[in-house]
2 protein chains.
Amino acid sequence: MYLFFFNKKRKSEKNVLEHIKKCFRAHRNCVFEHIVFCHQTLLYICLNMKKYTIKDIAEQAGVSKGTVDRVIHKRGKVSQKALEKVTRILEEIDYKPNPIAQSLKNNKVYQICVVLPDPKEDNFWIPCVDGVDQAIEEFKSFLVDIKLFFYGPSSTKSFKEVNEQILKLAPDAVLLSPLFQKESINAVKNYRSAGIVVSTFNSQIDLEQTVSFVGQDLYQSGRVAAKLMHTIVPDHHDIVICHFSESLNNAIHMQQKEKGFRDYFNGLKGTEHNIVTLSVDQMNPDRTLINFLESNNKALGFFVTTSKSYNLVEILQDHSHKDIKVIGYDLLDKNNDLLKKNKISFLIHQSPKTQTYLGLTYLIEHFLFNKEIPHTKLLPIGIVNSENLITYL
Amino acid sequence: MYLFFFNKKRKSEKNVLEHIKKCFRAHRNCVFEHIVFCHQTLLYICLNMKKYTIKDIAEQAGVSKGTVDRVIHKRGKVSQKALEKVTRILEEIDYKPNPIAQSLKNNKVYQICVVLPDPKEDNFWIPCVDGVDQAIEEFKSFLVDIKLFFYGPSSTKSFKEVNEQILKLAPDAVLLSPLFQKESINAVKNYRSAGIVVSTFNSQIDLEQTVSFVGQDLYQSGRVAAKLMHTIVPDHHDIVICHFSESLNNAIHMQQKEKGFRDYFNGLKGTEHNIVTLSVDQMNPDRTLINFLESNNKALGFFVTTSKSYNLVEILQDHSHKDIKVIGYDLLDKNNDLLKKNKISFLIHQSPKTQTYLGLTYLIEHFLFNKEIPHTKLLPIGIVNSENLITYL
DNA sequence: TTGAAAGCGCTAACAC
DNA sequence: GTGTTAGCGCTTTCAA
């Protein structure tokens, strides 16, 4: 589609029409269709692009469809003369094969395996399953087969096992949440050497062998949290970066968030806040926290680097403390309740559902329609308060 | 795809396998494929769904493909006996026609026209053009033709003209930004009686004749702004709802936002804020504002209901006022600059690009692949500060 | 009421 | 090196 803008006043309608027709008669791939006048002095002209097929090209070049196909796919066995003639036409009309016809001809059922931590053990992953379900539903009548596998979020062994089993299945692609760096790199290498396409989501992995990553910039999300904290906590109060974690595997995530958080405050002209880091012992979180609070009565803002904000708030509540501000991650039910009750000021949304949904649709549409897969897709960092929460659910 | 969970300990691997095979031998549409053991006590079994074609069904039912097709599309001329036999099989296997084959057979170029206000006159609409461009790019090799039309954002006449011209083009669908209620309802009726599908975005229109609306809940976005204002403006200060508008057409939008904003504060237990509404005369905004500020020195928070926050901030700057907090809408370049400089505290993102992109892809995938179009898609209300701004651009 | 056959655009195997 | 042809799954026309 092209739009051309002319000054309506300069020529009469009829003259313009003639002029345009003459201009575009030469363009073989433009079919003059209609003329539309509207909006102030602008003239809109609609041209339709003719959709060419290999048959058209074959006729134009005086060769057979087979030859055209050989040229398009560079399969050789074409004379120099035919090659030149056909390529010239292809370029001239900017030929793009009909992906629907290609797909039909292809007629292959693509197998995609999704690997993520068991949502029963860490409910951060529940929305990821929803994202997979949505993609399955949306493409159920297409020739794709999506299989879902879980591993224990703190068991490298189960992660290895799952990937070995999937390797045996020999799918066309794997969408992977690479929680464990070392094991993931190994798994990806195995997949790649078996010719299996690998996409990742949520956790980034420093490896060029994956075709795509869908996730969030964790460093930047730390900065976002810091900015929010800065706007809600008055000067001369301490701020606590609080690492709650079930397993040690997301240590890197927490570090990136902490770095972003601290960098934001360090970048301020005169820093009025003292920032301390607190790692909460998962075995005995209450004790750790109470001890901390007793020795630090200036702490007013808490930044929880994982989805465990509710855990912090519950403990704080039991020790009926002053008006402490909490900023955390992830729209878990428990967090959402506390957000509505103003016990949590903001939650940062990592869009887990969108991550798997997008990761999958990229793969599917690539296989079915040759669509390009973006190498890195960083999702917006969602700031959620009690009022826009509902629009994210 | 199905996953079945068993307790691994209960049976030996071999027994389980036999058991499952027996269970599913009856299921004609499940092909037993593989068995996978992993993760704690869970057993995962992968079954592949056979993808049936009308040929398969025809053979099963002992009729021809033509008859099956007649049954599927309820085109009659089928004997009772054949009808029953075929429908039974169709239900049993939950047959879904291959949308790719349907699309190829169909082989029609779908024409879609997009109608929006001229971005040169109001740059809120620039991202909408980007969304259209993205959809065009993504589907350029498919049989769709997308045309873009502009009207003057304050000229009902140009709006009428554009729609009349499009009606002559007789496209398959129109994606419309219905700025003017009355004129839009009329245009939609004309389109519908010409059998043209109409989707809307950005502004809602109380009409059942549109198949889809993509936009945002403006009332709720007012509440979101109020909540943010509440967290950043201390008690006992006045808050100003500030209506800046170029044309009167978005009066309804501004009202909805104001209602949400006021409702939030009215819902608070002891309201500590006095809220006033200020309509800024577009002809002489400086004078209006300066007069207002002189007679109201307790005003600390400003909620701008349109994308014109930059306008307010510019005026405030010239009169070097105290630390006034501004919350506004839309990621225009000017607003973004002020957000980064902390002259604006928050911007609410209405995702204009996503609105047109989604509105278009819904239509396209409906035409090409029979996908369902959601009747209403309300996008998340994005809260943007200086740190997550970049992730939205 | 039914079946046979053509054809959408593209690919690939197979003759020549 | 080249053209012909069959076929992917579905729809539709036409003849029986």
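Just so it is clear, the model here is predicted, and its values are computed rather than measured. Quick note on labels: first sequence line is chain A, next is B, and so on, each numbered from 1. Reckoned from all heavy atoms, side chains included, excluding hydrogens, waters and symmetry mates.
Listed nucleotides: D:dC10, C:dC10, D:dG3. Nearest to the side chain of A:Thr67: D:dG3. Here the nucleotide nearest the side chain of A:Lys105, chosen from D:dC8, D:dT12, D:dT2, is D:dC8. Counting only heavy atoms from C-beta on, B:Ser79 has its side chain closest to C:dT1 among D:dC10, C:dC10, C:dT1. The side chain of A:Thr53 has C:dG9 as its nearest neighbour among D:dT11, C:dT11, C:dG9. Closest to the A:Val63 side chain, of the nucleotides D:dG3, D:dT11, C:dT11, is D:dG3.
Atom NZ of B:Lys55 and atom P of C:dG3 are 16 Å apart (whole Å). B:Lys108 places its NZ atom 18 Å from the C1' atom of D:dC10, with the value rounded to the nearest Å. Distance B:Tyr95 OH to D:dT11 C1': 11 Å, rounded to the nearest Å. Distance CG (A:Leu83) to C1' (D:dT2): 14 Å, rounded to an integer number of Å. In this structure, the CG atom of B:Asn98 is 18 Å from the P atom of D:dG7, given to the nearest Å. Going from atom CD of B:Glu59 over to atom P of D:dG9 covers 12 Å, rounded to whole Å. Regarding A:Asn106, its CG atom lies at a distance of 21 Å from the P atom of D:dA6, rounded to whole Å. When rounded to the nearest whole Å, the span between CZ of A:Phe369 and P of C:dG9 equals 17 Å.
Between A:Asn107 and D:dG7, a side-chain N or O to OP1/OP2 separation shorter than 4.0 Å is absent. Look at B:Ser64 and you won't find any side-chain N or O under 4.0 angstrom from OP1 or OP2 of C:dA4. Between A:Gln102 and C:dG9 there is no side-chain N or O to OP1 or OP2 distance below 4.0 Å.
Remark on DNA chain C: of its neighbouring residues B:Leu143 and B:Ala82, the 5'-side contact belongs to B:Ala82, judged by nearest-heavy-atom nucleotide. Each of B:Ala101 and B:Gly66 lies near DNA chain C, and the nucleotide nearest B:Gly66 is the one positioned closer to the 5' end.
At least one donor-acceptor pair closer than 3.5 Å links the side chain of B:Ser79 to the backbone N or O of B:Ala82.
At the heavy-atom level, B:Asp69 lies under 4.0 Å from base atoms of the strands shown.
A salt bridge between B:Arg88 and B:Glu84 is absent, with no side-chain N of the basic residue lying under 4.0 Å from a carboxylate O of the acidic one.
The residue from B:Thr87, B:Val68, B:Leu83 that alone fulfils the side chain to side chain contact (heavy atoms under 4.5 Å, CB included) condition with B:Val78 is B:Leu83.
Aromatic ring pairs are classed by plane angle as parallel below 30°, tilted from 30° to 60° and perpendicular above 60°; the pair B:Phe369 and B:Phe142 is perpendicular. In this structure, A:Phe367 and A:Tyr110 have parallel ring planes: the angle between them is below the 30° cut-off, well short of the 60° mark.
Checked by distance alone, B:Lys77 brings no side-chain donor or acceptor within 3.5 Å of a matching partner on the base of C:dT1. Evaluation of atom-type donor-acceptor distances gives a pair under 3.5 Å for the side chain of A:Arg70 against the base of D:dG3.
Taking CD1 from B:Ile100 and OG from A:Ser103, the interatomic distance works out to 3.0 Å, rounded to the nearest 0.5 Å.
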